[in-house]
Amino acid sequence: MGRWWSGSVGYEIYPRSYADSNDDGYGDLEGVRQRLPYLQWLGVDAIWLAPFYKSPGFDHGYDVSDYRDVNPIHGDLADFDRLVEDAHGRDIRVIVDIVPNHSSSHHRWFQEALQGKDNPYRDYYIWKDPAPDGGPPNNWVSHFGGPAWTLDDASGQYWCHLFLPEQPDFNWTNPAVADEFDAILRFWCDRGADGFRIDVAHGVMKDPQFRDNPQRVPIVDADDPSEVFNAFDHLHDLDQDDTVDVYKRWHEVVEPYDAILIGESNPRSLDRVVRYVENEALHTIFYLEPAWMKWKPSELLDKVETVNRSTDNGVSWVIDNHDTSRSATRFGGGEAGQHRSIAVMAFMCALGGFPFLWEGQELGLHDARLDAANLEDPIATRNEHGRGRDATRTVMPWDTSNANGFSATAEPWLIAPQRPLEETVEGQRQDPDSWLNRHRDLLSVRKSLPDLWEAEPEWFDAPLGDARALRRGNTIAVTNLGENPMQFELPSGTWTVQYDSRGEVKGNRRSGMATVAAEATYLMSLE
Ligand code: NOJ
């Protein structure tokens, strides 16, 4: 018997940007609830809500100051309960985000920890004495710029933060921290959450000796945090061997609730992906390379095939999320980028696992163009050359009214140009050829062909270049990400094209040698 998520497709919601029910410029849980009929129509089986907890908002919610309460800008616990009840009534599961690597510096625990070395909460966080020269204890850098250490003048010790200084990292070698998180998981499961997306799941454990990370390449632009971060081999601050033990424990906590654990895990190499999902630890992980890469089809397909061969149902496939440039833009922009985006997503729908769409991806949206003065992301506002994430986080375009239907009259928290009718839900919903309807069709075809996720995957090993094909039972998925149409030899029998990401040959019957259009994916079934 499969688990509830087998065959499911998820949908990520950034509550701040989805729908503003009380017209204060911030999206809220009630706004999400009011849009559930849309999500049901689209055919998603689960929503993942980015953090809506109490937070001062330095990292827009990924800096949690109370893990058991709702940020008033997003509503309250009663709104959460209503959202869960309504979603469940529509067969939509609710996955919440959990942030175990760090809290907000405003969290009561950190405020206590700042009181001094003897405070009982001191050891909830990571403190180290300065290096002999008085500087940070090692060479680790923050994802968001600068060192991963900030000096607490009062105690003379540094605290560790892989992100902002306002996001101090927990000390996961302290059993009290593990106990706190067990209780937090149970709190949300008791309220009806169907699982967790785990933020920086690969970051919680650190090298016990806090050794320097080896530097791989020289740093040219020290004001670009991602260049600085990527100049190092993150041997000692991320993806430690014992990280998985944390999730084995969580597995036991959530199993009685039938809840899913989905890790945001960035393993150091492809062969480390599978560690997180075997041994009864996480159920799936987000494998994020396809959500970061520019358009390099053969590299993309090599990686995807390698990862799928290592675990067929352990991956939550994504090409978009709230941290990256939208795939339609990143894959080349214009209509080409939109075709590439849906072609890759369609192929991912035949890769087992639990794929996710990101809000607006279903509309084929490109990144928004924001004025520099309106940027909100600390990566952009705190670094000279930081590439922030605001362009993907602008409000969901529902229609052409105020703020694209996000707020009735308010100006949204993130100011961006209004989108035209053809980029909105209203403008695409009636058009059978729209990106919206093509994504909807994809979800419905996937559901109607269980072999696409249940049957054993058999990769075709012909040298296919920028293309790949996969047979699962009585289905075949072929993706041709090259610039030219290609010929593909079908196994014997007559095959019907059930889904075509270009919407050109759906329903056609094929046998023998078949042509696959350029930058397209076909999902076919055997008659
Ligand atoms: C990953 C999240 O997706 C991102 O938005 C956040 O800034 C960092 N983790 C830190 O929590």
Side-chain angles (χ1 to χ4, degrees), residues 10-18 27 48-65 67 71 74 95-107 110 125-126 140-146 148 159-170 172 181 184 196-204 206 225-226 229-230 234 237-239 243 262-267 276 282 285-292 316 318-326 356-359 361 375-383 386-394 413-414:
Y11 181 95
E12 181 192 356
I13 291 179
Y14 199 62
R16 202 172 257 261
S17 296
Y18 204 60
W48 146 33
L49 299 167
F52 50 79
Y53 311 108
K54 279 218 166 118
S55 161
F58 293 109
D59 189 19
H60 300 118
Y62 282 97
D63 47 325
V64 179
S65 56
Y67 287 89
N71 187 332
H74 300 312
I95 295 167
V96 301
D97 215 306
I98 187 93
V99 188
N101 182 67
H102 47 266
S103 71
S104 159
S105 55
H106 290 206
H107 197 290
F110 192 70
Y125 297 90
I126 299 170
W140 297 358
V141 292
S142 150
H143 290 70
F144 291 170
W159 75 84
C160 177
H161 52 87
L162 297 184
F163 296 87
L164 298 176
E166 294 89 341
Q167 292 169 297
D169 280 27
F170 283 115
W172 272 89
F181 272 89
I184 293 165
F196 301 88
R197 176 270 186 187
I198 305 157
D199 189 61
V200 208
H202 54 297
V204 292
K206 277 57 177 188
S226 72
F229 192 81
N230 292 327
H234 290 272
D237 54 345
L238 297 173
D239 191 21
T243 303
I262 308 176
E264 183 208 26
S265 308
N266 299 326
Y276 285 89
L282 301 175
I285 71 163
F286 283 117
Y287 166 61
L288 289 173
E289 289 258 355
W292 289 335
S316 277
V318 276
I319 50 173
D320 272 293
N321 66 27
H322 65 282
D323 288 331
T324 71
S325 162
R326 286 191 177 272
F356 273 74
L357 296 173
W358 153 238
E359 62 183 47
Q361 182 185 345
L375 297 179
E376 292 279 345
D377 183 7
I379 298 182
T381 59
R382 296 193 189 189
N383 297 283
R387 282 182 296 274
R389 302 160 290 178
D390 294 310
T392 195
R393 295 178 176 181
T394 53
W413 69 278
L414 184 57

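Indexing begins at 1, ligand by ligand and atom by atom, following the structure's order. Each residue takes its place number in the sequence, starting with 1. Note that the structure is a prediction, hence the values are computed from the model and not measured.
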Fill in the blank from the handout: among protein heavy atoms, the one nearest atom 8 (C) of ligand 1 is Phe163 CE2, 3.7 Å

Fill in the blank from the handout: Checking heavy atoms under 4.0 Å, the part of Arg393 that sits near ligand 1 is side chain

Practice task
Indicate whether the side chain of Tyr67 and that of Ser103 have a donor and an acceptor atom separated by less than 3.5 Å.
Solution key: no

Handout entry: Any side-chain heavy-atom pair of Phe144 and Gln167 under 4.5 Å
Key = yes

Exercise for the section: State if His60 counts as touching ligand 1 under the rule of any non-hydrogen atom under 4.0 Å. Expected result: no

Handout entry: side chain to side chain donor-acceptor pair (under 3.5 Å) assessment of His74 paired with Asn71
Key = CA-CA 5 Å; His74 300 312; Asn71 187 332; 4.6 Å; no

Handout entry: Aromatic contact, Tyr62 with His102 (centres under 6.0 Å)
Key = no

Exercise for the section: Output yes when Arg393 and Asp323 qualify as a salt bridge under the 4.0 Å nitrogen-oxygen rule, no when they do not. Expected result: yes

Fill in the blank from the handout: Numbered in order shown, the ligand 1 atoms found under 4.0 Å of a heavy atom of Arg389 are 4 (C), 5 (O), 6 (C), 7 (O)

Practice task
Any atoms of ligand 1 less than 4.0 Å from a non-hydrogen atom of Phe144? List them with their elements.
Solution key: 7 (O)

Problem - Per-atom contacts, ligand 1 versus His102 - under 4.0 Å to a heavy atom - result: 10 (C), 11 (O)

Problem - Contact atoms of ligand 1, heavy-atom distance to Glu264 under 4.0 Å - result: 1 (C), 3 (O)

Handout entry: Distance flag, aromatic centroids of His106 and Phe58, threshold under 6.0 Å
Key = yes

Handout entry: Which residue and heavy atom of the protein sit nearest atom 7 (O) of ligand 1, plus the separation
Key = Asp59 OD2, 2.5 Å

Handout entry: Trp159 and Ser105 side chains, donor-acceptor separation under 3.5 Å
Key = no

Completion exercise
Under 4.0 Å between heavy atoms, the region of Tyr14 that gets near ligand 1 turns out to be neither

Exercise for the section: Indicate whether the side chain of Tyr125 and that of His107 have a donor and an acceptor atom separated by less than 3.5 Å. Expected result: no

Exercise for the section: Using a 4.0 Å heavy-atom threshold (strictly under), name the region of Glu12 that reaches ligand 1: side chain, backbone, both or neither. Expected result: neither

Practice task
Measure the distances from the heavy atoms of His143 to every atom of ligand 1 and state whether one is below 4.0 angstrom.
Solution key: no

Exercise for the section: Look at atom 5 (O) of ligand 1 and say which protein heavy atom is nearest, naming residue and atom and giving the distance to 0.1 Å. Expected result: Asp323 OD1, 2.7 Å

Practice task
Run the numbers for me: atoms of ligand 1, each under 4.0 Å from some heavy atom of Val200, listed by number.
Solution key: 9 (N)

Fill in the blank from the handout: For atom 1 (C) of ligand 1, the closest protein heavy atom turns out to be Asp199 OD1, 2.9 Å

Practice task
Using a cut-off of 6.0 Å, state whether more than 12 heavy atoms not belonging to Arg387 lie near its atom CZ.
Solution key: no

